[in-house]
Amino acid sequence: MARELYLYNTLSRKKELFKPIHPNMVGLYVCGPTVYGDAHLGHARPGITYDVLVRLLKHLGYKVRYVRNITDVGHLENDADVGEDKIGKKARLEQLEPMEIVQIYTLRYHDAMRRLNVASPSIEPRASGHIIEQIALVQKILDAGYAYLSNGSVYFDVKKYDKKYKYGILSGRVIDDMLANTRNLDGQQDKHFSYDFALWKKASPEHIMHWPSPWSEGFPGWHLECSAMSEKYLGEEFDIHGGGMDLLFPHHECELAQNTVSRGKGGVHYWMHNNMITINGQKMGKSLGNFITLEELFNGTHKLLDQAYSPMSIRFFILQAHYRSTLDFSNDALQASEKGFKRMMQAAKDIKTIIVKEDAPAINEVAEIEKNVYDALCDDMNTPIALSYLFDAVKIINSVKDKNIFINAKDKAKLDSLMENIVKGVLGLVDEQTEVGSEKLIDGLVEMIIDNRKEAKANKDWAKSDKIRDDLKAIGIQIKDTKDGCEWTIE
RNA sequence: GGUACCAUGGCCGAGUGGCUAGGCAACGGUCUGCAAAACCGUCUACAGCAGUUCGAUUCUGCUUGGUACCUCCA
């Protein structure tokens with residue numbers, strides 16, 4: 001690889017030089033959603049973060065296998081491995097088959113991700129489709145002696161594991177500290193130790209989703225699916241495992257423990273965690289009831305929203321913060337992002353048509369911008385820094401357009417490549433207006449109307465020319481009179 | 001209570017032991033019939049207190065405030 005990529009590894013708590021296991025190939029596993037409700041703004045963050053990672057890796061020349069799962073079973077409603085299955089509960093409430101719930105919300109999740117320009121993963125496995133693999137994994141852990149059977153359920157023996165391997169190395173926890181603060185939770189009578197976690201749960205009579213197993217009619221524990229599916233599709237050892245910071249403990253810690261016992265090693269080289277989106281400084285989450293769904297954002301229908309925000313504005317908003325920082329939601333911040341995004345897109349469009357001057361001297365800044373953008377992206381995906389340099393490029397493009405400075409073909413090509421390969425390619429920021437199929441028709445109509453206005457202007461009929469401009473504005477078309485004629489954009 | 005993390009200008013957000021991002025907003029100017037956009041310029045912040053240092057927003061300690069995880073959550 002020509003460029004060195006550094007990634008922050010949660011396991012070492014440091015930025016590390018990324019070295020793939022197989023040259024030029026990257027295996028990436030990311031924890032996807034539990035599909036029992038609509039995706040909210042919080043879900044957009046890992047979606048976009050790891051999408052940019054995949055795009056960046058590909059841009060750097062790697063072949064990437066990106067596995068992002070759909071959790072459709074085993075994720076319980078309550079604490080301590082008791083309570084209803086999230087999917088099962090929703091199914092009961094809505095009087096649908098669990099798989100209908102899964103289907104509905106999976107499709108809606110896909111649709112939201114598509115609108116955010118998040119590319120589909122290479123493989124999107126479902127937990128319910130890998131019951132056999134999970135049962136095999138439970139057996140393996142039992143055979144290794146790190147699990148026990150209790151009343152039809154199988155639990156991971158955290159104490160025994162801790163003695164040999166140390167439980168808590170990923171999340172930075174010490175088991176003795178945790179012990180001192182163990183709370184009394186209900187429904188733990190089957191466990192030997194409160195931090196033991198379920199690998200297989202015997203289904204209670206009201207539990208809808210269950211499968212036969214050597215131990216009981218039941219269902220797999222939540223942490224199991226990621227271990228089983230990552231191994232199936234990426235092998236015993238793979239490069240990167242990503243997910244939200246809230247999954248660090250217990251989910252990823254348990255996953256690591258399962259891997260260590262069944263594979264003889266943690267299996268993951270780089271653990272990456274995106275931070276949370278907050279609202280009024282507080283984490284946006286389902287349990288807190290302070291979340292805004294992506295659909296509501298796109299429509300502007302939530303009571304906290306002043307207006308609708310386009311998917312790309314949201315993408316830009318998320319990219320303007322580093323993925324490991326919390327990001328606070330507010331209308332002001334989103335509106336700022338919307339404007340910044342539009343400015344960036346306008347420049348990406350304008351670079352195509354700006355006039356070159358062959359004998360113009362090279363603009364030194366162009367090469368610097370290019371270098372700085374790559375450096376930022378390769379420094380643990382510092383998208384805010386990359387964007388700040390890209391705005392320097394925007395400034396140059398606008399200056400050339402205003403004929404304040406001149407540009408030669410070589411510099412223009414560099415800027416064009418930045419806009420094309422980085423802004424659109426890696427950051428995935430694309431113009432949204434082109435979604436309309438009848439683009440040509442609109443173009444033609446607007447041109448006609450503008451011709452009319454031109455005539456009015458020639459006759460100094462300002463009233464008419466202003467009316468045309470105002471009327472167009474009212475339907476969302478903004479006119480701009482420039483030295484070279486009239487331009488227009490759809491708002 | 002335990003373990004982490006954070007506190008940056010009107011807002012959002014990077015980053016650094018000295019050269020002090022960027023976006024949005026605001027103000028002044030250029031352009032324009034008027035707008036809009038763009039361009040030029042202005043606005044110089046790093047919670048408080050002590051310490052280390054020639055020098056700290058950046059390191060250390062303390063104080064205050066906040067957040068996350070410890071139970072489901074992206």
Side-chain angles (χ1 to χ4, degrees), chain A residues 13 30-34 37 39-47 49-50 75-83 86 168 171-174 176-183 185-186 195 222 242-251 253 273-278 281-288 291 316-317 320-322 324-344 346-347 350 372 376 382-392 394-395 397-399 401-405 457 460 462 465-466 469-470 473 478-483 487-489:
Chain A
R13 273 147 232 284
V30 174
C31 291
T34 301
H40 58 74
L41 183 55
H43 290 96
R45 196 149 200 208
T49 298
Y50 300 108
H75 203 162
L76 299 184
E77 178 71 13
N78 268 305
D79 48 15
D81 291 321
V82 294
K86 283 173 187 282
S171 56
R173 268 155 231 271
V174 180
D176 293 336
D177 292 350
M178 298 198 296
L179 260 174
N181 297 293
T182 300
R183 302 186 317 176
L185 298 167
D186 292 334
Y195 277 93
W222 174 40
M245 242 171 217
D246 49 353
L247 298 179
L248 182 53
F249 189 91
H251 186 56
E253 196 69 64
H273 292 94
N274 61 277
N275 214 320
M276 302 291 105
I277 287 180
T278 58
Q282 241 196 348
K283 177 181 160 182
M284 187 178 282
K286 283 190 175 158
S287 51
L288 293 164
F291 64 92
F316 187 90
F317 170 66
Q320 262 195 320
H322 189 262
R324 283 190 290 113
S325 302
T326 55
L327 171 60
D328 200 48
F329 160 87
S330 70
N331 278 287
D332 285 348
L334 239 27
Q335 277 157 17
S337 293
E338 182 175 45
K339 290 191 180 166
F341 165 70
K342 280 186 180 163
R343 199 156 99 96
M344 182 67 74
Q346 189 60 47
D350 288 342
N372 288 334
N382 200 327
T383 53
I385 291 286
L387 278 171
S388 82
Y389 288 115
L390 287 166
F391 272 108
D392 290 344
V394 169
K395 207 163 218 180
I397 292 168
N398 285 331
S399 288
K401 198 182 159 202
D402 270 17
K403 300 192 172 62
N404 292 334
I405 57 171
K457 280 180 70 175
K460 298 212 188 293
W462 306 126
S465 108
D466 285 355
R469 185 173 61 200
D470 292 346
K473 170 103 182 156
Q478 175 68 54
I479 294 245
K480 297 172 204 169
D481 287 328
T482 70
K483 280 180 214 149
E487 291 180 5
W488 59 278
T489 48

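Only a predicted model underlies this, so the values are computations on that prediction, with no experimental measurement involved. Proteins get letters first, then strands, A, B, ... in listed order; numbering begins at 1 in each.
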For a quick check of understanding: with a heavy-atom distance under 4.0 Å over all strands, which category does [X] fall into, base, sugar-phosphate or nothing?
X	answer
A:M276	base
A:N382	sugar-phosphate
A:K283	base
A:G42	base
A:M284	base

Identify the two heavy atoms, one from [X] and one from [Y], that lie closest to each other, and give their separation to 0.1 Å.
X	Y	result
A:F391	A:G340	CZ-O, 3.5 Å
A:H43	A:K286	CE1-NZ, 4.1 Å
A:R324	A:H273	CG-O, 3.7 Å
A:D328	A:G281	OD1-N, 3.0 Å

**OP:** Name the closest nucleotide to the A:D246 side chain, picking from B:C69, B:G23, B:G13.
**Re:** B:C69
Mind calculating the distance between [atom1] ([X]) and [atom2] ([N]) to the nearest angstrom?
X	N	atom1	atom2	answer
A:E253	B:A68	CD	P	21 Å
A:L334	B:A25	CG	P	14 Å
A:L248	B:C72	CG	C1'	16 Å
A:R45	B:C12	CZ	C1'	13 Å
A:R324	B:A68	CZ	P	19 Å
A:F249	B:A68	CZ	C1'	14 Å
A:L327	B:G13	CG	P	5 Å
A:Y195	B:U3	OH	P	13 Å

Could you give the distance separating [M] and [N] at their [atom1] atoms, to the nearest angstrom?
N	M	atom1	answer
B:U53	B:A37	C1'	49 Å
B:U32	B:G23	C1'	26 Å
B:G65	B:U8	P	16 Å
B:G15	B:U44	C1'	15 Å
B:G13	B:G22	C1'	8 Å
B:C59	B:C54	C1'	16 Å
B:A26	B:A36	P	11 Å
B:A7	B:A47	C1'	6 Å

Original post:
Using the ring of each side chain (for Trp, its six-membered ring), is A:W222 parallel, tilted or perpendicular to A:H251, with breaks at 30° and 60°?
Top reply: parallel
**OP:** Kindly indicate, with the supporting measurements, whether the criterion side chain to side chain contact (heavy atoms under 4.5 Å, CB included) is fulfilled by A:N275 and A:R45.
**Re:** CA-CA 8 Å; A:N275 214 320; A:R45 196 149 200 208; 3.9 Å; yes
Original post:
How would you list, by chain and number, every residue that makes a side chain to side chain donor-acceptor pair (under 3.5 Å) with A:Q282, sequence neighbours excluded?
Top reply: none
**OP:** Would you give the length of the straight line joining atom CE of A:M245 to atom OG1 of A:T326, rounded to the nearest 0.5 angstrom?
**Re:** 9.0 Å
Subject >> CG-CE distance between A:L390 and A:M344, expressed to the nearest 0.5 angstrom >> reply: 5.0 Å
Original post:
Which letters describe nucleotides 27-39 of chain B, given B = protein heavy atom under 4.0 Å from base, S = only from sugar-phosphate, - = neither?
Top reply: ------BBBBSBS
Subject >> Comparing A:F329 and A:S171 on RNA chain B - which has the more 5′ nearest nucleotide >> reply: A:S171
Original post:
Hey, which of these two, A:Y389 or A:S330, hits RNA chain B nearer its 5' end, going by closest nucleotide?
Top reply: A:S330
**OP:** Considering just the side-chain nitrogens and oxygens of A:S325, establish if one lies under 4.0 Å of OP1 or OP2 belonging to B:A14.
**Re:** yes
**OP:** Could you walk me through whether A:D466 and A:R469 pass salt bridge (charged side-chain N to carboxylate O under 4.0 Å, His left out), step by step?
**Re:** CA-CA 5 Å; A:D466 285 355; A:R469 185 173 61 200; 3.4 Å; yes
Original post:
Pick one: which of A:D246, A:L327, A:T49 meets side chain to side chain contact (heavy atoms under 4.5 Å, CB included) with A:N274?
Top reply: A:T49
**OP:** Can you tell me which stems involve RNA chain B, if a stem is defined as three or more consecutive Watson-Crick or G-U wobble pairs, both distances under 3.5 Å?
**Re:** B:1-7 with B:64-70, B:10-12 with B:22-24, B:26-30 with B:38-42, B:47-51 with B:59-63
